[in-house]
There are 2 protein chains.
Amino acid sequence: MVRQTKQREAIKNTFETVDRPLSPTEVLEITQTCIPTLSVATVYRALATLTEAGWLSRVEIPGEASRYERSGKQHHHFFVCRICDRAFAVHGCVDGLARMTPTGFTLEAHDIVLRGVCSECLQD
Amino acid sequence: MVRQTKQREAIKNTFETVDRPLSPTEVLEITQTCIPTLSVATVYRALATLTEAGWLSRVEIPGEASRYERSGKQHHHFFVCRICDRAFAVHGCVDGLARMTPTGFTLEAHDIVLRGVCSECLQD
DNA sequence: ATAGATGCAAAGGGTTTGCACTTGA
DNA sequence: TCAAGTGCAAACCCTTTGCATCTAT
């Protein structure tokens with residue numbers, strides 16, 4: 001049975017406030033503005049619990065630590081800024097992935113990560 | 001100036017023998033069959049050196065440790081089998097990535113990872 | 001001879017876990 | 001009440017680094 005604690009509420013609130021995929025460290029730092037005593041361990045445990053409960057989804061980006069975002073979004077991919085290292089959800093997809101699949105292989109899913117510089121970092 | 005040592009020769013040989021992206025640990029284990037005293041540090045240093053020299057390329061797959069493969073291949077992406085966890089190079093690419101890029105962002109590169117089951121695993 | 005490379009062990013960084021204490025239902 | 005959750009610190013795993021020793025050139 002999953003209890004409602006102020007730590008978890010604050011962590012959930014963080015995800016609802018900041019609408020982009022967050023790493024465990026980002027979650028810790030942001031949530032500590034509300035609960036300064038929040039520990040890393042609790043963050044990791046909350047991420048695991050909320051992911052298992054389906055409230056969060058794990059976002060895997062090549063070469064980066066796992067990040068998490070609220071579940072229930074439609075199919076999307078990510079743009080990762082090489083300057084600030086933040087990930088942004090991008091909508092839409094592409095055709096032709098089936099064409100790339102080797103003969104005899106079964107394609108079940110795909111990941112697309114766009115890389116470059118975000119608009120905010122371009123201004124500096 | 002890059003020296004030619006038996007450790008590096010053995011590591012290069014590993015990549016030439018096993019033609020798929022390898023993790024540092026895989027490189028260590030495979031190469032230790034030739035040089036049992038080979039240390040992890042040397043593997044990591046060799047991977048860095050060979051990557052810097054352009055002989056190896058780093059392959060990043062979401063949710064997985066970095067792997068390395070011989071450079072010089074043309075633009076390609078990967079198919080990762082969810083059963084055997086091996087990565088296979090796939091050729092070709094797709095259009096429409098620029099269309100997915102948010103306004104004001106600069107697209108510099110992209111990764112595509114296909115996921116499913118490889119032909120070998122489908123037979124079992 | 002000597003700068004580059006190696007092996008070992010220690011140090012880092014991120015993630016997980018054991019344990020005593022706290023707290024929600 | 002009392003199991004679930006928390007905080008702390010230690011443990012882990014993977015990767016990097018310092019240092020004395022070795023070796024290719």
Side-chain angles (χ1 to χ4, degrees), chain A residues 1-15 18 20-69 80 82 84-87, chain B residues 1-15 21-69 80 85-87:
Chain A
M1 176 246 293
V2 177
R3 278 185 200 170
Q4 196 166 323
T5 65
K6 64 171 193 257
Q7 287 85 345
R8 275 190 201 151
E9 290 310 297
I11 288 170
K12 288 168 80 172
N13 185 56
T14 295
F15 279 100
V18 184
R20 59 185 180 81
L22 299 174
S23 67
T25 305
E26 285 178 305
V27 174
L28 178 67
E29 287 169 355
I30 295 171
T31 313
Q32 275 182 337
T33 62
C34 302
I35 306 180
T37 59
L38 183 68
S39 71
V40 229
T42 297
V43 170
Y44 279 97
R45 284 188 280 232
L47 293 176
T49 303
L50 292 171
T51 300
E52 220 163 301
W55 198 88
L56 285 179
S57 296
R58 180 188 275 248
V59 174
E60 314 263 23
I61 295 172
E64 316 256 335
S66 286
R67 305 185 190 205
Y68 296 80
E69 66 173 0
V80 180
R82 73 166 155 79
C84 66
D85 196 46
R86 287 183 300 176
Chain B
M1 176 248 292
V2 177
R3 276 187 201 169
Q4 196 167 324
T5 64
K6 64 171 192 261
Q7 287 87 344
R8 276 192 200 148
E9 290 310 297
I11 288 169
K12 288 168 80 172
N13 185 55
T14 295
F15 279 99
L22 299 174
S23 67
T25 305
E26 285 178 304
V27 173
L28 178 67
E29 287 168 355
I30 295 170
T31 313
Q32 276 183 337
T33 62
C34 303
I35 306 181
T37 60
L38 182 68
S39 71
V40 227
T42 299
V43 170
Y44 279 96
R45 283 189 280 234
L47 294 177
T49 302
L50 293 171
T51 300
E52 220 162 303
W55 199 88
L56 284 179
S57 295
R58 180 189 275 247
V59 173
E60 306 204 317
I61 295 171
E64 320 253 335
S66 287
R67 304 186 191 199
Y68 296 79
E69 67 172 359
V80 180
D85 195 47
R86 286 184 298 177

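So you know, we letter chains A, B, ... as the sequences are listed, proteins then strands, and number each from 1.
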Task: Point-to-point distance, once rounded to the nearest 0.5 Å, from OG1 of Thr14(B) to OH of Tyr68(B) - done: 15.0 Å

Task: Rounded interatomic separation in angstrom, taking CD from Glu9(B) and P from dT6(C) - done: 11 Å

TODO: Take atom CG of Leu47(A) and atom P of dT16(C), then tell me their distance rounded to the nearest Å.
DONE: 9 Å

Task: Whole-Å gap separating C1' (dG7(D)) and CD1 (Ile11(A)) - done: 13 Å

Task: Partner set under side chain to side chain contact (heavy atoms under 4.5 Å, CB included) for Ala41(B), not counting sequence neighbours - done: Ser39(B), Arg45(B)

Distances under 3.5 Å between nitrogen or oxygen atoms of protein and nucleotides 20-25 of chain D:
{"from": "dT23(D)", "atom 1": "O2", "to": "Arg3(B)", "atom 2": "NH1", "distance (Å)": "2.9"}

TODO: Tell me, please, which residues at least two apart from Glu29(B) pass side chain to side chain contact (heavy atoms under 4.5 Å, CB included).
DONE: Thr25(B)

Open item on the list: Looking at Leu28(B), is its backbone amide N or carbonyl O close enough to the side chain of Thr31(B) to form a donor-acceptor pair, meaning the two atoms are under 3.5 Å apart?
Closed with: no

- [ ] Decide yes or no on salt bridge (charged side-chain N to carboxylate O under 4.0 Å, His left out) for Glu69(B) and Arg67(B), but give the supporting numbers first.
- [x] CA-CA 7 Å; Glu69(B) 67 172 359; Arg67(B) 304 186 191 199; over 6 Å; no

Task: Nearest-angstrom distance from the residue atom CD of Glu29(A) to P of dG13(C) - done: 14 Å

TODO: Would you mind reading off the distance between Leu28(A) atom CG and dT6(D) atom C1', rounded to a whole angstrom?
DONE: 13 Å

TODO: To the nearest Å, give me how far apart CG (Leu50(A)) and P (dA4(D)) are.
DONE: 17 Å

Open item on the list: Rounded to whole Å, please give me the gap between CZ in Arg45(A) and P in dG18(C).
Closed with: 10 Å

Task: Neighbours of DNA chain D within residues 34-43 of chain A, by heavy-atom distance under 4.0 Å - done: Thr37(A), Leu38(A), Ser39(A), Ala41(A), Thr42(A)

Open item on the list: Once hydrogens and angles are ignored, does a donor-acceptor distance under 3.5 Å link the base of dG4(C) to the side chain of Arg8(B)?
Closed with: no

Task: Test item: Ile30(B) and Phe15(B) side chains (from C-beta on) under 4.5 Å apart, heavy atoms - done: no

TODO: Mind checking side chain to side chain donor-acceptor pair (under 3.5 Å) for Thr49(A) and listing every partner two or more places apart, or none if nothing turns up?
DONE: none

Open item on the list: Going by the rule side chain to side chain donor-acceptor pair (under 3.5 Å), which residues pair with Thr51(B) if we only count those two or more places apart in sequence or in a different chain?
Closed with: none

